[in-house]
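Keep in mind that the numbers below use all heavy atoms, side chains included, and drop hydrogens, waters and symmetry copies.
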Amino acid sequence: LLHAINCLAEENGRLLVLGRKHMLVNSSNWRREIMKEMLNKADFFFAENISEDDAFLLYATLQSGKHCKFVTRDFLRDHKACLSDSQTRHLFRKWQRGHQIDVSSSVEGKHIHFSPALRYDCVVQTTGDTWHIPYKDIFEEKYSYQIPRKWLCIQQKRRL
């Protein structure tokens with residue numbers, strides 16, 4: 001967590017970390033000196049240990065404005081499943097793609113990589129005689145908020 005906070009703090013963004021109250025108890029997982037260092041670099045909200053923190057995450061992100069991004073390894077599938085209809089689920093996935101930063105770590109756990117949230121909608125786009133089509137060139141399992149990052153550009157030749 002400290003490494004992730006350090007990486008994100010370098011971008012000069014304001015950070016809010018949602019955690020649970022057990023993080024405040026000095027232990028082998030949450031050493032007091034590391035918690036103090038993290039508390040100096042980010043704001044924290046500590047929920048009850050038995051709480052469902054996803055609701056806090058979604059509320060904090062929505063309340064913080066349209067440019068706010070969030071980082072979680074959770075795919076939020078349970079929340080999408082609770083939405084009443086396919087159009088609402090589609091809107092949630094679109095919002096999620098634009099706000100969730102994908103995080104992955106190396107096998108050794110020493111390096112963290114953040115893939116930024118998208119600033120555009122990943123659908124076929126066209127302007128005049130040009131089409132931009134998102135694609136992936138190898139098959140790999142993806143989650144609903146993860147989309148292809150490669151685009152095929154097709155332009156119609158004009159006939160004389």
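- Here the side chains of V103 and R73 are in contact, with some heavy-atom distance below 4.5 Å.
- In this structure, E37 CD and N6 CG are separated by 6.0 Å, a value rounded to the nearest 0.5 Å.
- Note on K21 versus E48: salt bridge recorded, some NZ/NE/NH1/NH2 to OD/OE distance being below 4.0 Å.
- Listed by chain and number, the residues in a side chain to side chain donor-acceptor pair (under 3.5 Å) with D78 amount to none (sequence neighbours excluded).
- The shortest side-chain heavy-atom distance between M38 and F44 falls under the 4.5 Å cut-off.
- Annotation: E33, atom CD; neighbour count of heavy atoms from other residues, nucleotides and ligands within 6.0 Å is above 12.
- How far CG of D74 is from CG of L57: 8.0 Å, rounded to the nearest 0.5 Å.
- Under the 4.5 Å side-chain criterion, counting only non-hydrogen atoms from C-beta, D43 is not in contact with V17.
- Expressed to the nearest 0.5 Å, how far CG of N29 lies from CD1 of I34 amounts to 10.5 Å.
- Under the 4.5 Å side-chain contact rule for hydrophobic residues, V71 and L2 share a cluster.
- H99 approaches C68 most closely through the heavy-atom pair CD2-O, 2.9 Å.
- Pairing each heavy atom of S84 with each of R89, the nearest pair is C-NH1, 3.9 Å.
- Taking both residues in full, the closest heavy atoms of L15 and I5 are given as CD1-O, 3.8 Å, listed atom of the first, atom of the second, then distance.
- The CZ atom of F70 sits 13.0 Å away from the CG atom of L16 when rounded to the nearest 0.5 Å.
- Side-chain contact check for I112 versus F114: some heavy-atom pair is nearer than 4.5 Å.
- In terms of hydrophobic clustering, with Ile, Leu, Val, Met, Phe, Trp and Tyr side chains grouped at heavy-atom distances under 4.5 Å, L39 and L18 are assigned to different clusters.
- With hydrogens and angles disregarded, a donor-acceptor distance shorter than 3.5 Å links the side chain of Q96 to the backbone of F75.
- A donor-acceptor pair is defined here as one N or O able to donate and one able to accept, closer than 3.5 Å; such a pair exists between the side chain of T126 and the backbone of T130.
- Note on ring orientation: taking the six-membered ring where Trp is involved, the planes of W30 and H22 are perpendicular (angle over 60°, cut-offs 30° and 60°).
- The two residues N49 and R20 make their nearest non-hydrogen contact at O-CD, 3.2 Å.
- Aromatic ring orientation, F92 versus W95: tilted (interplanar angle from 30° to 60°).
- Taking 4.5 Å as the limit, every side-chain heavy atom of Q100 sits out of range of all side-chain heavy atoms of K69.
- Counting only distance, with no hydrogens or angles, the side chain of D85 and the backbone of T88 share a donor-acceptor pair below 3.5 Å.
- To the nearest 0.5 Å, the span separating NE2 on H3 from CG on L8 amounts to 10.0 Å.
- In this structure a side-chain-to-backbone donor-acceptor pair under 3.5 Å is missing from D129 to Q155.
- Here the closest heavy-atom approach between residue M23 and residue M35 is recorded as O-CG, 3.7 Å.
- Rounding to the nearest 0.5 Å gives a distance of 10.5 Å between CZ of F45 and OH of Y59.
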